[in-house]
Amino acid sequence: MTDDKYKIQKIDDYRWRIPREGKMRVDGIVYADAHMLEDIQKDESLQQVINVSFLPGIIKHSLAMPDIHWGYGFPIGGVAAFDMDEGVVSPGGVGYDINCGVRLLRTGLYRVELVNKLESVVNTLFANIPSGVGSHRKDLKLSQQEVKNVLKNGARWAVSLGYGTKEDLEHIEEKGCIAGANPELVSGRAIERGLAQLGTLGSGNHFVEVGYVSEVYHVEIARVLGLEKDGITIVVHTGSRGLGYQVCDDFLRVMINAARKYSIELPDRQLCCAPINSQEGREYLAAMACAANYAFANRQMITHWVRESFERALHIGPKESKISPVYDVCHNIAKFEDHIVEGEKKRLCVHRKGATRAFPPNHPDTPDAYKAVGQPVLIPGDMGRCSYVLVGTEKAYADTFGSTCHGAGRVMSRGQATRTAKGRSIAQELKEKGILVRADSRATLDEEIPEAYKNVTEVVDVVEHAGISKKIVQLKPLCVVKG
DNA sequence: ATGTAC
């Protein structure tokens, strides 16, 4: 149902327009089907789409993906691109968990080989990868200087110390290192929080999930990605931990002052921002790049301990497990990218918050191995259902600044989910569905119940039907480590 | 998401 609260106009079955009015500089465009649009209107996220459209220098549209929900200032599931001269950069448009993202690993193993071994696999992963709020590694505490090396070099830092191979780096967005990182702009407090958290999972929706390829929608492209039916896969979902949180928090304070200093009118203080070319804007981007690089290194370190855990739990060597990254995507980031605006190539600052880059075949930033098929897009669902691997398309490049959805998207707040889970054993319910779960805290499992999320299949069907991604395979979970 | 309110 459309709601006159937002004057929503239907464009087609999968796109809706919130027409520009008042102080809006551009239209809002929402990717959803009619049923989802109803869910989306249960929170304030469409008002946030409108608020984002007020910001100076916004280009074309304020975009919302089908997994949109309420977030800090900007909606989660939002995409907004800004002109380099007139536009702004905003920490709220990236999110607290800078470079929260997803890495997919393929293996040389098949589903039948893990029968009766899943318990050992999940227990070993749980023991080797610290999870939960404030989790840290007892076996790896870095010096401040070493953390600064991580912030400058990202996943490359991990590989240089033997945590993975150079080949791994070819299969990561930006090759695992965002340019322009300046560790001198990261506070001592943020670095302090990063000393012992590299190689840890964190809490909430973060997880390591072992699963298998349950459906193949496009055999040829799946083969290029190294995926085939019943092959074992591992999905890693985590970000920049306390360090990234602290960078965001530090710069929100800076940006509140900057917005006043540059006379930027804000419909919501949480949209605080600075011109991209201002000192504050440049400094945030340089600190954000540091946190993004920490997250890339984090997923690389976790990959190392996943490899080690599989070898130990299954008594096999690397030549049998053959664990290698398919790809690694950021879904909370601001980036400089070239896009076509009014027929001309233009450099923009693209904010993706709970949204994934989805570049087409032959784009210079699509990795060489995937040039013919498009950039892999990794979409985790909730713990009880499934995940998807998609690839980016020309239509995404043309219509959404090369962006698509990032996951299932919450429909229940954490508190609501906790109340719904009261009196139930979520671990037991998942076990009955054949999914083993180990979690640092029972409370997290309650917050993450499958019903708290939209059905990821419906989300993915919207982006596929709208043409901004192409579905390649579905993954189903076998065992999960949660925060 | 977050040493879930320095």
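Chain letters run A, B, ... following the sequence lines, proteins first and then strands; every chain starts at 1. Reckoned from all heavy atoms, side chains included, excluding hydrogens, waters and symmetry mates.
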Checklist entry - Side-chain donor-acceptor pair under 3.5 Å between Tyr294(A) and Gln197(A), yes or no? => result no
Next on the checklist: Expressed as a whole number of angstroms, how long is the span from Gln270(A):CD to dT2(B):P?
Outcome noted: 18 Å
Checklist entry - Could you state the CZ-P distance from Arg189(A) to dC6(B), rounded to the nearest angstrom? => result 7 Å
Checklist entry - Which residue pairs pass the side chain to side chain donor-acceptor pair (under 3.5 Å) test when at least one of the two sits in residues 55-76 of chain A, sequence neighbours left out? => result Asp67(A)-His406(A)
Checklist outcome for this item: residues 121-133 of chain A vs side chain to side chain donor-acceptor pair (under 3.5 Å), sequence neighbours excluded, gives Asn123(A)-Arg438(A), Asn128(A)-Ser309(A)
Next on the checklist: Just the rounded figure in Å: distance from C1' of dT4(B) to CG of Asp446(A).
Outcome noted: 16 Å
Checklist entry - Starting at CD of Glu192(A) and ending at C1' of dC6(B), how long is that distance when rounded to a whole Å? => result 15 Å
Checklist entry - Among residues 404-422 of chain A, which residues get a heavy atom nearer than 4.0 Å to DNA chain B? => result Arg414(A)
Next on the checklist: Could you work out, with ring pair (Phe, Tyr, Trp, His ring centres under 6.0 Å) as the rule, every residue matching Phe207(A), not counting sequence neighbours?
Outcome noted: His237(A)
Next on the checklist: In whole Å, I'd like the distance from the CD atom of Gln246(A) to the C1' atom of dC6(B).
Outcome noted: 11 Å
Checklist entry - NA contact type, His136(A), heavy-atom cut-off 4.0 Å: base, sugar-phosphate, or nothing? => result nothing
Item to check | Residues which pass side chain to side chain donor-acceptor pair (under 3.5 Å) with Ser160(A), listed by chain and number, not counting sequence neighbours | outcome: none
Checklist entry - Between Arg103(A), Arg156(A), Gln300(A), which is the residue that forms a side chain to side chain donor-acceptor pair (under 3.5 Å) with Asp168(A)? => result Gln300(A)
Checklist entry - Which pairs with one or both residues in residues 416-426 of chain A pass salt bridge (Lys or Arg N to Asp or Glu O under 4.0 Å), sequence neighbours excluded? => result Arg424(A)-Glu429(A), Arg424(A)-Glu451(A)
Item to check | Rounded distance in Å - OH (Tyr72(A)) to C1' (dT2(B)) | outcome: 13 Å
Next on the checklist: Any base atoms under 4.0 Å from Gly95(A), or only sugar-phosphate, or nothing? Heavy atoms, all strands.
Outcome noted: nothing
Checklist entry - With a non-hydrogen cut-off below 4.0 angstrom, is Gln197(A) in contact with a base, only sugar-phosphate, or nothing? => result sugar-phosphate
Item to check | Closest-nucleotide ordering on DNA chain B, the 5'-leading residue of Arg253(A) and Gly204(A) | outcome: Gly204(A)
Checklist entry - For Asn99(A) and dT2(B), what is the distance between atoms CG and C1' respectively, to the nearest whole Å? => result 16 Å
Item to check | Nearest-angstrom distance from the residue atom CG of Asp97(A) to C1' of dT2(B) | outcome: 9 Å
